[in-house]
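For the numbers below, each heavy atom of this structure counts, side chains included, while hydrogens, waters and symmetry mates do not.
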Amino acid sequence: MALTGTLDATVESDRVSFTFTVANDGDDPVTLSFRDSCSADFAVLDGDEERWRWSHGRMFTQALQSESIDPGESVSYEGEWEQPEAGTHTAVATLEADNQDCEAEIEISV
């Protein structure tokens, strides 16, 4: 199973919109298992210090969920950082599946 992730960001004056795409580069379908409705999370780092996390302060439905990705297919997850801090940051997206790991990061300037 080969999952690869890419992270894109659109920077505006009052927000940064993130799109995290998880692609199945393998030959077999991949089933992702989630323990709640948080499928992906986004964080913004300044060096080793976390400046913002999308999931912080949010509540998620507590229900087991699953999602399948066929070979050559992908799924995308979105998040938005409102009122971003000025500067250059590292944005990190993480797949929150219990049974698969995938992460992507990019540098952003606000």
Side-chain angles (χ1 to χ4, degrees):
M1 291 180 268
L3 294 179
T4 57
T6 56
L7 179 58
D8 295 309
T10 302
V11 179
E12 299 177 27
S13 61
D14 62 340
R15 74 190 72 240
V16 179
S17 300
F18 297 105
T19 302
F20 177 38
T21 303
V22 177
N24 178 356
D25 293 334
D27 296 326
D28 298 312
V30 174
T31 299
L32 306 175
S33 299
F34 302 98
R35 66 178 165 262
D36 59 30
S37 62
C38 182
S39 301
D41 202 1
F42 302 87
V44 173
L45 309 173
D46 186 2
D48 291 334
E49 187 175 337
E50 187 174 288
R51 294 289 185 196
W52 171 84
R53 179 168 292 275
W54 178 80
S55 63
H56 182 74
R58 294 178 184 262
M59 297 183 72
F60 299 97
T61 303
Q62 300 297 307
L64 297 177
Q65 301 182 71
S66 65
E67 183 171 13
S68 292
I69 309 173
D70 289 328
E73 298 293 323
S74 63
V75 293
S76 294
Y77 306 99
E78 297 183 353
E80 189 172 86
W81 181 21
E82 295 180 2
Q83 309 292 320
E85 294 179 25
T88 300
H89 310 283
T90 301
V92 180
T94 308
L95 183 67
E96 293 296 308
D98 290 336
N99 62 334
Q100 298 290 329
D101 292 321
C102 188
E103 186 174 285
E105 67 178 55
I106 59 170
E107 295 294 315
I108 58 171
S109 293
V110 178

For a 4.5 angstrom cut-off between non-hydrogen side-chain atoms, does [X] reach [Y]?
X	Y	answer
F20	C102	yes
F60	E96	no
N24	E73	no
F34	L95	yes

[X] versus [Y], closest heavy-atom pair with distance:
X	Y	result
S76	T21	OG-OG1, 3.0 Å
G26	P71	O-CB, 3.4 Å
A23	S74	CA-CB, 3.8 Å
S109	T88	OG-OG1, 3.3 Å

Which residues pass the side-chain hydrogen bond (donor to acceptor under 3.5 Å, both in side chains) test with E67, not counting sequence neighbours?
Y77
side-chain hydrogen bond (donor to acceptor under 3.5 Å, both in side chains) involving D98 - partner list, sequence neighbours excluded:
R35
For residues 12-19, which side-chain N or O atoms pair as donor and acceptor with protein atoms under 3.5 Å away, sequence neighbours left out?
residue : atom : partner : partner atom : Å
R15     : NH1  : E80     : OE1          : 2.9
S17     : OG   : E80     : OE2          : 3.4

Pair E103, V92 - check side-chain contact (heavy atoms from CB on, under 4.5 Å), show working.
CA-CA 7 Å; E103 186 174 285; V92 180; 3.7 Å; yes
Would you say the side-chain atoms of T90 and E107 include a donor-acceptor pair closer than 3.5 Å?
yes
Going by atom types alone, do S68 and T31 pair a side-chain donor with an acceptor below 3.5 Å?
yes
Rounded to the nearest 0.5 Å, what's the gap from [atom1] on [X] to [atom2] on [Y]? Could you check?
X	Y	atom1	atom2	result
L32	N99	CG	CG	6.5 Å
D46	H89	CG	NE2	6.0 Å
L45	R53	CG	CZ	7.5 Å
S39	E78	OG	CD	12.5 Å

Would S33 and S66 count as a side-chain hydrogen bond (donor to acceptor under 3.5 Å, both in side chains) if you check the C-alpha gap in whole Å, the side-chain angles of each, and the deciding distance to 0.1 Å?
CA-CA 4 Å; S33 299; S66 65; 5.9 Å; no
Would you say D41's side chain and S55's backbone share a donor-acceptor pair under 3.5 angstrom?
yes
